[in-house]
Amino acid sequence: MNTDDAKHVVMQYFHAIDAGDLDTALAQFSQDSVYERPGYPPLEGIDQIRNFYQSVRVIRRGRHTLEGLLVEGDQAVTWGVFEGESRDGVQLQERWSDVYRLKGGKIAYRRTHFFRAAV
């Protein structure tokens with residue numbers, strides 16, 4: 001996968017998730033993709049990732065502002081700010097970064113990091 005194609009896959013995910021288009025967002029992931037997110041067990045496979053977005057994710061809606069996107073080989077890194085609203089109506093603002101491994105034109109692995117005190 002070349003750099004432009006990898007960037008397109010990652011950007012397509014963010015555009016779709018911010019638009020509330022879950023099917024298009026999930027189409028960027030491979031069927032056996034793994035998503036690691038702080039506070040949750042690893043989400044293994046597209047069905048667990050879909051369930052997370054439909055039933056578990058605390059976010060109702062929002063927008064990711066990407067401050068950077070780097071690709072090297074089959075790996076990508078993004079970082080930025082999310083602003084939105086939780087399912088409970090609480091306003092959210094969060095700095096984040098993601099690490100990706102791409103395979104066959106899809107996201108095979110994603111790990112999210114949040115900028116909060118942890119240790």
Side-chain angles (χ1 to χ4, degrees):
M1 170 176 270
N2 69 42
T3 299
D4 288 339
D5 290 342
K7 286 181 178 181
H8 178 75
V9 167
V10 173
M11 292 302 297
Q12 184 72 10
Y13 161 76
F14 282 109
H15 290 305
I17 206 69
D18 287 351
D21 183 353
L22 184 58
D23 289 335
T24 298
L26 293 178
Q28 308 315 305
F29 288 83
S30 63
Q31 291 296 309
D32 59 350
S33 185
V34 174
Y35 179 23
E36 292 183 326
R37 186 177 177 100
Y40 301 92
L43 306 170
E44 299 182 0
I46 200 70
D47 291 338
Q48 285 187 9
I49 296 169
R50 178 180 298 279
N51 181 65
F52 170 77
Y53 280 103
Q54 288 178 328
S55 304
V56 178
R57 186 179 188 229
V58 300
I59 297 168
R60 176 182 296 155
R61 63 177 162 258
R63 181 172 183 266
H64 294 84
T65 300
L66 271 68
E67 296 172 346
L69 168 56
L70 298 174
V71 174
E72 183 172 322
D74 66 349
Q75 297 182 62
V77 177
T78 58
W79 62 95
V81 176
F82 174 82
E83 294 182 89
E85 181 181 341
S86 74
R87 292 179 189 222
D88 296 334
V90 175
Q91 294 301 303
L92 304 170
Q93 183 175 21
E94 191 74 45
R95 292 180 60 210
W96 55 269
S97 66
D98 281 338
V99 176
Y100 302 87
R101 190 173 335 105
L102 300 132
K103 184 178 176 184
K106 304 279 185 177
I107 298 168
Y109 174 80
R110 177 181 178 200
R111 182 176 63 230
T112 296
H113 301 268
F114 297 114
F115 290 84
R116 296 177 183 218
V119 293

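The figures that follow rest on heavy atoms only: side chains count, while hydrogens, waters and symmetry mates do not. Note that this is a predicted model, so its numbers are computed, not measured.
In the displayed structure, R87 atom CZ is contacted under 6.0 Å by more than 12 heavy atoms of other residues, nucleotides or ligands. Within a 6.0 Å radius of CG in D47, other residues, nucleotides and ligands contribute 12 heavy atoms or fewer. For R60, the CZ atom is densely surrounded, since the number of other residues' heavy atoms within 6.0 Å is greater than 12. Heavy atoms of other residues, nucleotides or ligands lying less than 6.0 angstrom from CZ of R57 number more than 12.
Closest approach of V71 and A76 over heavy atoms only: CG2-CB, 3.9 Å. Shown here for G105 and V9, the closest heavy-atom pair between the two residues is O-CG2, 3.4 Å. For the residue pair S33 and Y109, the shortest heavy atom distance occurs at OG-N, 3.9 Å. Listed here is the closest heavy atom pair of Y53 and L26: CD1-CD2, 4.3 Å.
Legend: residues meeting side chain to side chain contact (heavy atoms under 4.5 Å, CB included) with K106, ordered by chain and number and at least two apart, are S30. The side chain to side chain contact (heavy atoms under 4.5 Å, CB included) check on E72 picks up nothing, with sequence neighbours excluded.
The stretch residues 14-26 participates, sequence neighbours left out, in these side-chain hydrogen bond (donor to acceptor under 3.5 Å, both in side chains) pairs: D18-H64, D21-T24, D23-R50.
Salt-bridge check for R61 with E85: passed, with a basic side-chain N closer than 4.0 Å to an acidic carboxylate O.
Between Y35 and F29, the two ring planes are tilted [angle within 30° to 60°].
With values rounded to the nearest 0.5 angstrom, Q28 atom CD is found 10.5 Å from I17 atom CD1. Taking CH2 of W96 as the reference point, atom CG of L66 lies at 4.0 Å (rounded to 0.5 Å). Here the CZ-CZ distance, from F82 to R63, works out to 11.0 Å after rounding to the nearest 0.5 Å. Note that CZ of R101 is 12.0 Å distant from CD1 of I107, once rounded to the nearest 0.5 Å. With rounding to the nearest 0.5 angstrom, the NZ atom of K7 is 12.5 Å from the CG atom of L102.
Contact of the Q31 side chain with the I46 side chain is registered, since non-hydrogen atoms from C-beta on lie closer than 4.5 Å. Within the 4.5 Å cutoff, side-chain heavy atoms of R37 are placed close to those of F114. Side chains of Q93 and E83 form a contact here, defined as non-hydrogen atoms less than 4.5 Å apart. The closest side-chain heavy-atom distance from V77 to D98 is not below 4.5 Å. Looking only at side-chain heavy atoms (C-beta outward), F115 and V81 stay at 4.5 Å or farther from each other. Using a 4.5 Å heavy-atom threshold, the side chains of V34 and L43 count as separate.
Remark: side-chain polar atoms of D88 are not paired, donor with acceptor, to backbone N or O of V90 under 3.5 angstrom.
Residues F52 and V99 are members of separate hydrophobic clusters, defined by side-chain heavy-atom contacts under 4.5 angstrom among Ile, Leu, Val, Met, Phe, Trp and Tyr. Following chains of ILVMFWY side-chain contacts shorter than 4.5 Å, one cannot reach V10 starting from L70, and the two form parts of different hydrophobic clusters.
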